Amino acid sequence: MGTVETAKGEETAAGEGGKRDALTIKDERTGRVYEVPIVHGTVRATDLRQIKTGPEDFGLMTYDPAFLNTASCTSRITYIDGEKGILRYRGYPIEVLAEKCNYMEVAYLLLYGELPNKKQYDDWCHAITYHTMIHESLKKVMDAFNYDAHPMGMLIATVAAMSTFYPEAREVHDRAVRTKQIHRLIAKMPTVAAFAYKHSMGMPYMYPSNDLDYTANFLTMLFKTPAENYKPNPTLVRALDVLFILHADHEQNCGTNAMRGIGSAHTDPYSAVAGAAAALYGPLHGGANEEVLKMLEGIGSKDRVPAFIKEVKEGKGEKRLMGFGHRVYKNFDPRAKIIKRMAEEVFEVTGRNPLLDIALELERIALQDEYFVKRKLYPNVDFYSGLIYEAIGIPTAAFTVLFAIPRTSGWLAQWEELLEDPEEKIARPRQVYLGEGERPFPPMEKR
Ligand code: CMC
């Protein structure tokens, strides 16, 4: 499970027959017995500090590199059951949201906990629409990048630079100031992403249009040129909007953990989002969508799939089937199922992407192969999303940027929750030191 679900806000009650929600631990070093409470299916790591061999002992710690079994916070935003393949935002199944909502409603839901009514929705869309422009000097910052700069590198640096334009953003304990930065960040991410694309193409930037909705505006900034008008295809707008919904939040993943970690130092949200986006950039995380496309192109044809699978298996973890596997999902990623269905709709408009056949063959073989079955490796969100991005006309290098745009609402919802959490403190893990003890300093001639 990704999340331990309990009754809302309640601590688990004492069971029947004198059973208690507690863990009894015997320290074989001292013979002493301790009892620590179990709340929400967890024990507090700090409760273990009382377990000592003597007064000089620091106390017992837990060792959990990569947070394989550690809850770093409580949260009420996103629920995942990785064994069953369930994903919900604020209690609503992802399948329902993807079918009935647009991304703007979902971003509001993540941030405020409830779906907006008509007035709230209109006010929200207005606030976002009227913050889409970026400062002209920020545009000049973007101009300074080399023509072949990676779009994620440009996005990360430009979002970090944004903090210098809004110094009040440092007032992270002022809710009204926070709300303003949330509007700005959600609004400006597509603009920065589109400008990064235009810059890489050597084309003039296209300014946002207030008469278009969030996703249509983004596509227009990407593909309109001064020479001709551009009207985005409604099927493609809807497909991209659904992709935005699916990518908006995913509880404590690597990028969100970075957002919370940086946010816990009370850093401004622009710098924190830049840090979260840097984590997302990695090929094991959001960068996987770009890697999937490169992998499919590298395989080249359906008949070469078995040989590729063999290489992955023989590589023993060195070479991976990108877009497969997940830390939390040990079943189908529910987002991948929706994306696979949507790919067919998109291809009806754009024509079938020939790489789809390679992807389908990879999935077919992998899902029957003992190596993948035994390790519960299924297609994840990144396996099919790149094929849709490519069909829409987005270059491979910009795929992760399309992940970062909607994930911004999730990062900001998690950041808000962190700052409102009474247990919030600067994130500062412990370590197990295995290095040298104190030793004499050798002068240069004796080294
Ligand atoms: N291809 C081949 N083998 C794999 C793969 C894969 N994609 N993923 C995991 N394994 C193997 C791995 O070698 C290990 O085998 P063994 O037990 O023999 O050592 C076993 O499965 C468990 O893997 P792990 O690395 O311990 O699992 P993890 O939970 O640390 O990693 C993951 C999760 C997503 C990083 C990993 O599955 C992976 O690298 N997948 C490919 C990259 C990818 O698609 N990432 C996108 C994730 S979803 C979106 C997002 O997070 O942004």
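Hydrogens, waters and symmetry mates are skipped; everything else that's a heavy atom, side chains included, is used. The shown structure was predicted, so the numbers you read here are calculated from the model rather than taken from an experiment. All ligand and atom numbering here is 1-based and tracks the order in the structure. Position 1 is the first residue of the sequence; numbering continues from there.
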Out of H285, K319, H247, who gets a non-hydrogen atom closest to atom 50 (C) of ligand 1?
H285

Which segment of Y371 sits under 4.0 Å of ligand 1 when only heavy atoms are counted:
side chain

Sub-4.0 Å heavy-atom approach of F403 to ligand 1
yes

Is there a salt bridge (Lys or Arg N to Asp or Glu O under 4.0 Å) between K294 and E297 once you walk through the steps?
CA-CA 5 Å; K294 287 191 207 153; E297 282 163 358; over 6 Å; no

Exactly one candidate in L240, L212, D241 meets side-chain contact (heavy atoms from CB on, under 4.5 Å) with L219; the answer is L240

Is the shortest distance from a heavy atom of N253 to ligand 1 less than 4.0 Å?
no

Can you check which of M322, R320, R375 brings a heavy atom nearest to atom 38 (C) of ligand 1?
R320

Which of the ligand 1 atoms, numbered from 1, are nearer than 4.0 Å to a heavy atom of V381
49 (C)

Is ligand 1 under 4.0 Å from a heavy atom in the side chain of L321, in the backbone, in both, or in neither?
both

Counting each atom of ligand 1 from 1 as listed, which ones have a heavy atom of R327 under 4.0 Å away?
28 (P), 29 (O), 30 (O), 33 (C)

Does ligand 1 have a heavy atom under 4.0 Å from the side chain of E291, from its backbone, from both, or from neither?
neither

Do you see a donor-acceptor pair shorter than 3.5 Å between the side chains of E105 and Y121?
no

For Q414 and Q252, test the side chains for any donor-to-acceptor distance below 3.5 angstrom and give the result as yes or no.
yes

Judged by heavy atoms only, the candidate from V292, L68, V312 nearest atom 2 (C) of ligand 1 is V312

Do we get R375 above Y371's six-membered ring, with its NZ or CZ under 6.0 Å from the centre and within 45° of the axis?
yes

Check each heavy atom of N380 against ligand 1 and say whether those closer than 4.0 Å belong to the side chain, the backbone, both or neither.
side chain

Modelled atom types, side-chain donor and acceptor of T78 and D249, under 3.5 Å:
yes

Closest to atom 8 (N) of ligand 1 among V328, L280, L377, D333 (heavy-atom distance)
L377

Considering only heavy atoms, which of A336, G282, A288, S385 lies nearest to atom 43 (C) of ligand 1?
A288

Please identify which atoms of ligand 1 are closer than 4.0 Å to at least one heavy atom of G286.
52 (O)

Distance filter under 4.0 Å to G323 heavy atoms, resulting ligand 1 atoms:
43 (C), 44 (O)

Given E417, E168, E171, E420, the one that forms salt bridge (Lys or Arg N to Asp or Glu O under 4.0 Å) with R178
E420

Return the orientation label for the H326 and Y329 ring planes: parallel under 30°, perpendicular over 60°, tilted otherwise.
tilted

Distance-only donor-acceptor check, side chains N217 and Y207, under 3.5 Å:
no

Determine the interplanar angle of the Y214 and F244 rings, folded into 0 to 90°, and report it as parallel if under 30°, tilted if 30 to 60°, perpendicular if over 60°.
perpendicular

